[in-house]
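To start, the structure under review is shown below, and the notes come after it.
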Protein chains: 2
Amino acid sequence: MATIKDIAKAAGVSVTTVSRALNGYNDVNEKTRAKIKSIAEELNYSPNAVARSLVKSKTETIGLLVSELSLSGAKDMFTYEIMCGINDSSSEKGYDLILFSTNSAKQKAKSYSQLCRERQVEGVIMQGIKIDDPYLKEVIDSNIPCVLIDVEIEGENVGFVSTDNVFGAQMAVKHLTNLGHRNIAIMNGHNQAVVSQKRLQGYKKQLEEASIAFQEEYVLNGEFLEEKAEKVAYSFLNEHPEVTAIFCASDLMALGVMNAAKRLGIAVPEELSIVGYDNITLAEYVQPQLSTVEQNKYQIGFKAAKLLIDMLEGNKANRKVILDNQLIIRNTTAEPK
Amino acid sequence: MATIKDIAKAAGVSVTTVSRALNGYNDVNEKTRAKIKSIAEELNYSPNAVARSLVKSKTETIGLLVSELSLSGAKDMFTYEIMCGINDSSSEKGYDLILFSTNSAKQKAKSYSQLCRERQVEGVIMQGIKIDDPYLKEVIDSNIPCVLIDVEIEGENVGFVSTDNVFGAQMAVKHLTNLGHRNIAIMNGHNQAVVSQKRLQGYKKQLEEASIAFQEEYVLNGEFLEEKAEKVAYSFLNEHPEVTAIFCASDLMALGVMNAAKRLGIAVPEELSIVGYDNITLAEYVQPQLSTVEQNKYQIGFKAAKLLIDMLEGNKANRKVILDNQLIIRNTTAEPK
DNA sequence: TTGTACGCGTTATCAA
DNA sequence: TTGATAACGCGTACAA
């Protein structure tokens, strides 16, 4: 492991000169610079980012905090695609990514700001954080720049990237009301996700616009799980034959609902229309193909990293990024009989 | 940002004492330790890992080198699931993960060992590396501990984790020969992947055991891409009606072959049997459900990190980890007519 | 049981 | 254009 010291000795100059030569300062003789550079190459030198970070108080590192980097999310590619976007965006700007994995046990042991300061990350991107996550409160108090995905909190050092979930849900439900459906249920996710609340809002909003009375009992909770949604839908559809359409807050839950319908002998879309949310890969592979609301997950990640880096580098940037989403009509929706 | 200096001043002791007190050395008075600890808490102190790394020459960090953390891999969850395993395993042992994203442009600018030494990672896990990747040669020469996934290279500082691809492929083909198939083609991936070579071996091996002559023209190249496989299969099946089964080196390619068959009006599995490889999520959602060879991707990642950390910590460990895989029979395979 | 002094590899300040 | 020297925050011989 050659250091600038070794180079200095070999070149017969001081470490100061080596440092400046290698970092492209212009107050160094081009001849000595050339000499130093060639020696550096010869010695296979590479700068020690750790030492540099220490003295510059800059690590060029972004922390990635994913609440659950786990297999539970394996069916939808949500986290992965977002990570791809984050990765591309941050590597473009020369930032490295450090993965903070957290589980509740670790959270108890180490606070958010401890985690960040320990590794000296310059900023953090958070994904998959539930609304009651203890770290969330800390984010606001701490002065560490942070970008949240799908959690709409704004502040001096806090921004967020999200899609317009109210509008997305409304679009989905509007598609159903336009087809003539009146008895529309919603299979929502758990309440610890901000998006659940937003999508419920969009659902209600469209019902109102279509002059359909909101019914509390039409709000189901599938907890974003396929199996749970199937179970819930099974008994619900049994008791509510009048319902001709279900809007689901995730594709995974829509899959569950489709299974329930199948088991009950309810034809999709002839007797029951279903709209999902996310447009996961599976959506176009299931039979019938699932109508859904598409979110550009890669873009979410990409923009999140971009926003964070803008914040870090003092560029002015809107701390609130809302991306479009779009309705994709496939074969699980039709006019009611 | 409180440092041990601040604590030392507040506690009226030297930094040495603070350091030792906080790190649990037993040559410090319990009373002073208590005092120091409480002050540390008060000041919301957290140790600076950067400074610590510099002096200890240990970063407790593992580099994760994924050749393509990109959307091309989004359909199969391969990379993601492996990452989950790596993450769980390494965080269990107290190592953090730093994401090295590489593309060919960056590779030209920075060598493998430069990348590693710059960030001072203690070891590296590589996934998705092609056999002709320039970094691969460097791994062997460099003395940085490294674990490769699916590339079988062994050495003092190099280990690998893989599944038994020869056996897996043989199992798949054996399933076909057992059903009575004799004219079996293989849709292989590109040659830059080690697994392609292994799976071809397994294919040949089983043909031999079943006394079936190997035919070069039955070896197709789908480059691990769905579209490419579909295209190749389309013209191949057209010209070779005698072929009753195709073994595919990935599920994604199997999907492509299924599409080709559909377009040609060839019934699966009645007229054509198909076996895939990987058992991606989609495999059980397509119609008919895909028979395939399952790999435990999470385990691959988990064991890879475990092996690397064992190497780092000087524990003796077999540098060669081969995991089992298993045949999953679904509905794309049947006896030939 | 505690403190002094030095070093890790680098950059920054100042003087030459 | 160059070089001493201090500093970043921490750990650790060694001495006290």
Side-chain angles (χ1 to χ4, degrees), chain A residues 1-37 39-40 43-61 94 96 113-122, chain B residues 1-37 39-40 43-61 94 96 113-122:
Chain A
M1 300 274 192
T3 71
I4 48 172
K5 249 183 198 164
D6 302 318
I7 299 177
K9 199 178 290 177
V13 297
S14 74
V15 289
T16 315
T17 308
V18 176
S19 174
R20 280 187 303 220
L22 260 25
N23 287 313
Y25 282 62
N26 55 8
D27 61 350
V28 43
N29 189 310
E30 282 308 325
K31 238 171 126 182
T32 47
R33 187 201 302 278
K35 187 175 176 189
I36 288 170
K37 275 199 168 178
I39 292 178
L43 263 46
N44 196 14
Y45 168 78
S46 50
N48 184 330
V50 173
R52 179 181 286 164
S53 294
L54 184 59
V55 58
K56 297 192 84 166
S57 304
K58 282 217 173 192
T59 54
E60 312 256 290
T61 304
D96 276 327
S113 73
Q114 276 180 328
L115 198 67
C116 296
R117 281 178 305 156
E118 208 168 280
R119 278 297 183 168
Q120 302 280 107
V121 297
E122 303 193 10
Chain B
M1 299 273 192
T3 70
I4 49 171
K5 244 185 201 164
D6 302 320
I7 299 176
K9 199 177 289 176
V13 297
S14 74
V15 289
T16 314
T17 309
V18 175
S19 174
R20 282 186 303 219
L22 260 26
N23 287 314
Y25 281 63
N26 54 8
D27 62 350
V28 44
N29 189 309
E30 283 308 323
K31 238 170 127 180
T32 46
R33 188 202 301 278
K35 187 175 176 188
I36 288 169
K37 275 200 169 178
I39 291 178
L43 264 45
N44 197 15
Y45 168 79
S46 50
N48 184 330
V50 173
R52 179 181 284 165
S53 294
L54 184 59
V55 59
K56 297 192 80 168
S57 304
K58 282 218 174 192
T59 54
E60 312 256 292
T61 304
D96 276 326
S113 72
Q114 276 180 328
L115 197 67
C116 296
R117 280 179 304 157
E118 210 167 278
R119 279 295 183 170
Q120 301 281 106
V121 296
E122 303 192 12

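What you see below is based on every heavy atom in this structure, not just the backbone, and it leaves out hydrogens, waters and symmetry mates. Owing to the predicted nature of the structure, the values given are computational and were not obtained by experimental measurement.
- Side chains of V13(B) and K35(B) form no contact here, defined as non-hydrogen atoms less than 4.5 Å apart.
- Remark: V15(A) engages I4(A), K5(A), A8(A) in a side-chain contact (heavy atoms from CB on, under 4.5 Å) (not counting sequence neighbours).
- Closest heavy-atom contact between G94(B) and E60(B): O-OE1, 3.9 Å.
- Of the residues in residues 51-61 of chain A, A51(A), R52(A), V55(A), K56(A) come within less than 4.0 Å of DNA chain C through at least one heavy atom, sorted by number.
- Within the 4.0 angstrom heavy-atom criterion, only backbone atoms of the sugar-phosphate kind lie near V13(A); the bases stay farther away.
- Partners of N48(A) under the side-chain hydrogen bond (donor to acceptor under 3.5 Å, both in side chains) rule, at least two apart in sequence or in another chain, do not exist in this structure.
- Judged by distance alone, the side chain of N29(A) and the main-chain N or O of K31(A) form a donor-acceptor pair under 3.5 Å.
- Across the helix from dT1(C)-dA16(D) to dA16(C)-dT1(D), the helix axis at one end is tilted relative to the axis at the other end by 40° (nearest 10 degrees, each axis from five pairs).
- Smallest separation of non-hydrogen atoms from L22(A) and Y45(A): CD2-CE2, 3.8 Å.
- Qualifying side-chain hydrogen bond (donor to acceptor under 3.5 Å, both in side chains) partners for R20(A), counting only residues two or more places apart in sequence or in other chains: none.
- Contacts between residues 16-34 of chain B and DNA chain D, defined by a heavy-atom separation under 4.0 Å, are made by T16(B), S19(B), N23(B), Y25(B).
- With a 4.5 Å cut-off on side-chain heavy atoms, N44(A) and S113(B) count as touching.
- T61(A) has its side chain out of reach of E122(A): every pair of non-hydrogen atoms, C-beta onward, lies at least 4.5 Å apart.
- Remark: the backbone N or O of R117(A) is not paired with any side-chain donor or acceptor of S46(B) at under 3.5 angstrom.
- Annotation for D6(B) and L43(B): closest pair CB-CD2, 4.1 Å, computed over non-hydrogen atoms.
- Shown here are the salt bridge (Lys or Arg N to Asp or Glu O under 4.0 Å) partners of R33(B), two or more places apart in sequence or in another chain: E30(B).
- For R119(B), the salt bridge (Lys or Arg N to Asp or Glu O under 4.0 Å) partners at least two apart in sequence or on another chain are D96(A).
- Under the side-chain hydrogen bond (donor to acceptor under 3.5 Å, both in side chains) criterion, S53(A) pairs with no residue, sequence neighbours left out.
- Applying the side-chain hydrogen bond (donor to acceptor under 3.5 Å, both in side chains) test to S14(B) and every residue at least two apart in sequence or in another chain returns T17(B).
- Protein chain B touches strand DNA chain C; the 5'-most and 3'-most nucleotides with an atom under 4.0 angstrom of its non-hydrogen atoms are dT1(C) to dG9(C).
- Protein chain B contacts DNA chain D from dC8(D) to dA13(D), reading 5' to 3' and using non-hydrogen atoms of the protein with a distance under 4.0 Å.
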